[in-house]
Structure formats: structure tokens, C-alpha cells
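To keep things clear, I will list the structure first and then write my remarks on it.
So that the names make sense, note that chain A is the first sequence line, chain B the second, and so on, each numbered from 1.
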Amino acid sequence: MSVLLRSFSTAAATAVAVSTFSSPSSSSALSVAALLISCRSLRSLEQIHARIIRKGLEQHPVIATRFLSFCAAFSAPAYASSAFDRLSAPNLIVWNALLAAHARHSPLPTTVALFNLLRRRCSLPPDAFTFPSLLSSCSHSVALSLGSSVHATILRCGLEADVFVRTALIDFYGNSGDLASARSLFDEMPKRNVVTWNAMIDGYVKSGDLVTARQIFDKMPERNAVSYTSLIDGYAKAGDLASARVLFEQLPERDVFSWSAMISGYAQNGQPGAALKIFLEMYNQNIKPDEFVVVGLMSACSQLGSLTLAKWVDLYVTRSSIDLSKAHVLAASIDMNSKCGNMERAASLFESMPNKDLISYCSLMQGYSLHGAGDKAMGLFRQMLEEGLMPDSITFTVVLAACSRAGLVEEGRQCFDLMTNEHLIVPSPDHYACMVDLLGRAGRLTEAYELIRSMPVEPHAGAWGALLGACRIHGDISLGETIARKLFEIEPTNAGNYVLLSNIYAVADRWADVSELRTLMRGKGIRKVPGFTWI
DNA sequence: TTAGGGTTAG
């Protein structure tokens with residue numbers, strides 16, 4: 001009885017608050033509502049907010065709701081909350097709008113706390129509009145047990161049949177790897193919309209089951225750009241650029257997501273030229289790039305190593321509306337400028353970072369190392385350690401390579417010790433190859449040979465190749481012959497090894513051996529590949 | 001029974 005009375009009085013209070021809200025004039029409410037629809041930036045939303053307050057429309061439920069959904073659109077959940085807190089009697093619709101703003105932009109615990117507050121404070125129970133945003137937040141955070149309990153609540157509320165709720169559930173289970181649950185929810189749906197199908201496709205793509213994802217795609221009654229892009233992305237990430245390309249060509253209306261899926265797909269699979277071609281096609285169609293397109297483009301450019309192209313990309317990005325200060329854009333830009341030899345630009349971008357991370361340090365160190373400034377690379381490495389960053393295996397590969405290129409034998413040794421003894425990183429074949437190269441270049445051929453023979457892991461051709469190169473520099477014919485024989489076994493068709501040994505013989509005036517080696521190469525059908533460079 | 005709120009892709 002008392003519960004009934006309490007809920008009645010809350011509901012009554014809400015009803016009174018809403019019904020007694022008398023807008024100063026309905027025409028001013030309408031004009032503000034129209035203003036909101038045309039709002040394009042957070043700045044103009046703030047101006048409209050000021051007008052809402054001036055006209056006494058702050059408590060208007062419809063205006064408030066629309067205002068909150070624009071806060072969501074401009075990623076301003078705190079702004080949404082501050083406006084919501086001033087509402088005297090928010091109804092369920094307004095609560096739902098606030099929850100949506102937080103679900104999209106706040107951490108999951110904030111969203112969950114808000115949902116609990118809604119249940120306590122709102123006179124009405126949550127409805128089919130409440131759960132999709134809550135579930136979407138669980139899905140993005142991969143909060144498995146929480147999402148399952150939300151599912152239980154949905155069942156208790158009798159809302160599982162709603163298409164939006166069910167689609168959000170399919171997305172949640174699909175994204176959490178529970179494809180069986182997602183699929184049974186999908187199969188038992190009387191009505192689906194295109195988003196439902198897309199959520200199912202994406203679940204299979206994320207789980208790596210491209211065959212089933214494709215079956216769902218083929219069965220869809222109608223597709224949109226999202227349907228294509230999910231699958232294109234899946235194919236591209238799996239390295240199947242041919243299938244990705246076919247779908248991309250079939251896509252009737254490409255949006256920036258689909259362009260970026262192709263560009264970064266090619267870039268990540270070591271096809272920078274193809275990535276660049278797709279980008280140019282996009283550029284010629286006057287499509288505005290976003291940060292993902294630009295990161296893909298920069299990655300392609302750094303693989304090509306062209307300074308001219310890097311300068312063009314840099315200018316292009318500066319002139320676009322892309323936020324260069326975003327971490328992944330900045331990292332890609334530092335990497336591109338480093339690899340293409342624009343060290344001044346790379347360094348100034350690096351300096352502009354408030355929180356420098358491992359990746360950016362490594363990019364810049366690698367740049368200095370590649371362009372003959374090993375000492376600068378080592379200075380950066382020391383600075384990195386002083387800042388308290390923990391170097392990982394890749395960092396040491398970069399550092400050891402820098403030492404070896406610059407002939408910093410002692411520093412290299414110290415770094416190798418630091419890596420193994422203090423950071424307890426097990427040296428990889430790459431690390432060993434760097435050390436062999438370092439010792440070999442310094443003329444310590446025996447030490448290098450001992451190191452390669454004492455390796456607990458199988459040395460790769462790179463390590464042997466580095467040593468063979470060192471034998472050529474220091475004219476060690478007998479060790480050179482031993483190493484070369486080893487290399488002829490590992491990579492019998494690599495012309496470079498034959499050429500190196502032939503050079504060793506030539507320097508020692510052993511022309512008979514040179515000629516014998518050439519005969520051997522001809523016999524095996526090996527031809528020297530002409531010099532090749534992208535630059 | 002005005003209006004206003006929800007799901008999918010890096």
C-alpha cells in the first residue's frame with residue numbers, strides 16, 4: 001500500500017511538473033527547437049543553450065531532450081549532465097537521452113551508475129529506449145557478466161522482442177565472442193532491420209569467421225555501406241585484399257569508412273603503392289579524409305620512403321580539418337617523417353607531444369638511426385629511460401640497430417646486457433642479428449661468429465648475412481667462405497650472398513674463385529637482381 | 001492522446 005502510494009505520488013508530481021510547465025510562448029519553443037536542429041558545433045550549441053535559458057525554456061521537456069541528444073552528438077556528456085541536473089522533474093524520455101549521451105562517451109561505470117539512478121529516481125520503469133545504449137556501452141567495454149545481467153533485466157521487463165533491444169543484444173554477444181547466443185537471438189527474430197543484419201555480420205567478422213559473415217551478407221534483403229565495410233575490413237585484416245577489393249568495387253555509395261578500410265588494408269599488408277592509388281581516387285572525388293584515412297596514407301608513405309610525398313602529405317593534413325594532436329595521427333606522422341628523412345619535422349612533432357610514448361620514441365630513434373645520427377638516437381634512448389618508460393623487445397631492436405649502424409660497439413653491448421639482465425627480455429633472432437652486425441662491422445669477426453654459434457634460437461639469414469658482409473669489409477676469406485656455404489643452404493636463390501662472396505674473392509685478387517662462383521650461379525639459374533629502391 | 005529518447009563499422 002505504502003509503495004503504491006509512493007509511486008503514485010512520484011508519478012503525480014511528475015505529471016504536475018510537466019503539465020504545469022507553461023512555455024512563455026509556444027512560438028519561441030518552436031524557434032529554439034528549429035535552431036537546435038541546425039546546430040553544427042559545440043560552440044553554437046552553447047549559444048543556443050544561453051538562448052534557451054534566456055527565454056525560460058530550460059525546463060521544457062522536449063527542448064531539454066533535444067538539447068541532450070545534441071550534447072551526445074558533440075561528445076559532451078558532462079555538459080549534458082550539468083543541464084540535466086537543473087531539471088526539476090525529468091521524465092523517462094529525458095533520462096534516456098542523458099543515458100545515451102553517457103553511454104557513447106563516458107566510461108561504463110558512469111553509465112551504469114546513471115542507469116541505477118534512473119531506476120531509483122524516475123517514476124517510470126526503463127523502457128525499450130533505455131536498454132540499447134546501456135548494452136552498447138557493455139559491448140564496447142566487453143563487460144560480459146554485466147551485459148548478461150542487463151539481458152536478465154530486459155527479460156524481466158518483457159522487452160526482448162523490441163528490434164532495437166534485440167539488435168543491441170546481438171551486437172553485445174557477437175562482440176563478446178558468444179556467437180551462439182548472438183545467432184540464436186538473430187534466428188528467432190520475426191523482424192530484423194539492416195542494423196540487425198550488420199551486427200550479426202560484424203560478430204562473425206570479429207570472431208574471424210569470414211565464411212559465415214559472407215553467408216549472412218549474401219542473404220541480406222538490403223545492404224548499406226556498413227554491411228560492405230564490415231566485410232571489406234574483415235577481408236583486408238585477414239590479408240585477402242582481392243576479396244576486399246571486389247566488394248569495394250561493388251559498393252554503390254562509398255563513405256569515408258570504406259575508403260579508409262581499403263587504404264589501411266593495403267598499407268598494413270605491405271602494398272603502399274596500391275594504398276596510395278586508392279587514396280588518390282578518393283582525393284580526386286573530393287571526399288574529405290578522416291584521421292584513419294590519413295594514418296593509412298602516412299603508413300603507406302613511410303613504406304615508400306619518399307620525402308617529396310611525405311612533404312605533400314604533411315601539407316595536405318595541415319590544411320585539412322584533421323586533429324594532428326591525436327595520439328595515433330601524431331605517431332603516424334612522426335614515423336612517416338622519420339622514415340622519409342624529414343628529421344626536423346619529426347623531431348618538432350615529437351617535441352609537441354605532452355605525453356611521449358614508446359612508439360613515438362621508437363619512430364624518432366629509428367629515423368635518426370636510418371639517417372646516420374646514431375648518437376642522437378642513443379640520446380633519445382637515455383631520455384626515454386629517464387622519463388621512466390619501460391623499453392620493450394621492439395625498442396631494443398631499434399636501439400641495437402642504431403648502435404650497429406653507428407658502430408657504437410660498447411653502447412650496443414651495454415644495451416644487450418640491459419635488455420637481458422635488467423629488463424629480462426629474451427633476445428630474439430633480430431636482436432642477435434643486430435649484435436652480430438655490430439661486432440662484425442667493428443672487425444670482431446671471431447666474437448661475432450661465436451655469438452651466432454652460441455644462440456639458443458635458430459639464427460635467421462639476416463644474422464649470417466650481416467656476418468658475411470662484415471667478412472667482406474674486413475677481408476676475412478676463410479670465415480667468409482664458411483658463412484657463405486651456410487647461407488647458400490638457407491637461401492639458395494639469394495643472389496646477394498653469391499655477390500658478397502664474389503666481392504670477397506675479388507678484393508683478394510682470387511679471380512679464379514670469382515669465375516667459379518659465377519659459373520655456379522649460372523648453373524643454378526641465379527641472376528643478380530638490379531639495384532632497386534622506392535626513392 | 002502534439003513534440004522529444006534507442007541499435008551496427010576503425
### Query
Quick check: does any side chain N or O of A:Ser320 sit under 3.5 Å from a backbone N or O of A:Val317, one acting as donor and the other as acceptor?
yes
#### Entry: Aromatic ring pairing A:Phe186/A:Trp197, orientation class (parallel under 30°, perpendicular over 60°, tilted between)
perpendicular
### Query
So what does A:Ser230 hit on the nucleic acid, given a heavy-atom distance under 4.0 Å: a base, only sugar-phosphate, or nothing?
sugar-phosphate
### Query
Between A:Phe70 and A:Phe74, how do the two ring planes meet: parallel, tilted or perpendicular, split at 30° and 60°?
tilted
### Query
Hey, can you pull the residues of residues 198-206 of chain A with a non-hydrogen atom under 4.0 angstrom from DNA chain B?
A:Asn198, A:Asp202, A:Lys206
### Task
Rounded off to whole Å, could you give me the CD-to-P distance for the A:Gln268 and B:dG10 pair?
12 Å
### Query
Which listed nucleotide (B:dA9, B:dG6, B:dG4) is nearest to the side chain of A:Phe257?
B:dA9
### Query
Do any of residues 35-53 of chain A sit with a heavy atom less than 4.0 Å from DNA chain B, and if so which?
none
#### Entry: A:Pro132, nearest nucleotide to its side chain (from B:dG4, B:dG10, B:dG6)
B:dG6
### Message
Just to be sure I understand the rule, does A:Ser136 reach a base, reach only the sugar-phosphate, or reach nothing, if contact means heavy atoms closer than 4.0 Å?
### Response
sugar-phosphate
### Nearest atoms (heavy-atom pairs only) where A:Val165 meets A:Ala128
CG2-O, 3.5 Å
### Task
Looking only at side-chain atoms of A:Arg66, point me to the closest of B:dA9, B:dG4, B:dG6.
B:dG4
### Query
Of all the choices, B:dG6, B:dA9, B:dT7, which nucleotide is nearest to the side chain of A:Asp162 once you look at every atom?
B:dG6
### Task
Tell me, please, which residues at least two apart from A:Lys356 pass side chain to side chain contact (heavy atoms under 4.5 Å, CB included).
A:Phe350, A:Glu351, A:Met353, A:Tyr361, A:Glu387
## Note on the structure
Nearest heavy-atom approach of A:Cys340 to A:Ser302 is SG-CA, 4.2 Å
### Message
Categorize A:Asn175 for me: base, sugar-phosphate, or nothing, with a 4.0 angstrom heavy-atom threshold over every strand shown.
### Response
nothing
## Note on the structure
Residue set satisfying salt bridge (Lys or Arg N to Asp or Glu O under 4.0 Å) with A:Asp85, at least two apart, ordered chain then number -> none
### Query
Of the candidate nucleotides B:dG4, B:dT7, B:dA3, which contains the atom at the shortest distance from the side chain of A:Val94?
B:dG4
### Query
So does A:Ser260 reach the base of B:dG10 with its side chain, donor to acceptor, closer than 3.5 Å?
yes
### Task
Could you check A:Ser81 against A:Leu98 for side chain to side chain contact (heavy atoms under 4.5 Å, CB included), going step by step and ending with a plain yes or no?
CA-CA 7 Å; A:Ser81 275; A:Leu98 178 70; 4.0 Å; yes
### Query
Looking at DNA chain B, which of residues 180-196 of chain A put a heavy atom within less than 4.0 Å of it?
A:Asn193, A:Val195
### Query
What is the distance from NE2 of A:His328 to P of B:dG10, rounded to the nearest Å?
13 Å
### Task
Mind checking salt bridge (Lys or Arg N to Asp or Glu O under 4.0 Å) for A:Arg254 and listing every partner two or more places apart, or none if nothing turns up?
A:Glu249, A:Glu281
### Query
Whole-Å distance between B:dA9 P and A:Lys237 NZ?
12 Å
#### Entry: Aromatic contact, A:Trp259 with A:Phe248 (centres under 6.0 Å)
yes
### Query
Minimum heavy-atom separation for A:Ser363 to A:Ile334, with atom names?
CB-CG2, 3.8 Å
### Task
Look at all strands and tell whether A:Ala64 reaches a base, only sugar-phosphate, or nothing, counting heavy atoms closer than 4.0 Å.
nothing
### Task
Under 4.0 Å between any heavy atoms, over every strand shown, what does A:His140 touch: base, sugar-phosphate, or nothing? Just pick one.
sugar-phosphate
### Query
Taking the six-membered ring for Trp, is the centroid-to-centroid distance between A:Phe67 and A:Tyr79 below 6.0 Å?
yes
### Message
Categorize A:Leu92 for me: base, sugar-phosphate, or nothing, with a 4.0 angstrom heavy-atom threshold over every strand shown.
### Response
base
### Task
Could you tell me the separation between the CG atom of A:Asp127 and the P atom of B:dT7, rounded to a whole number of Å?
13 Å
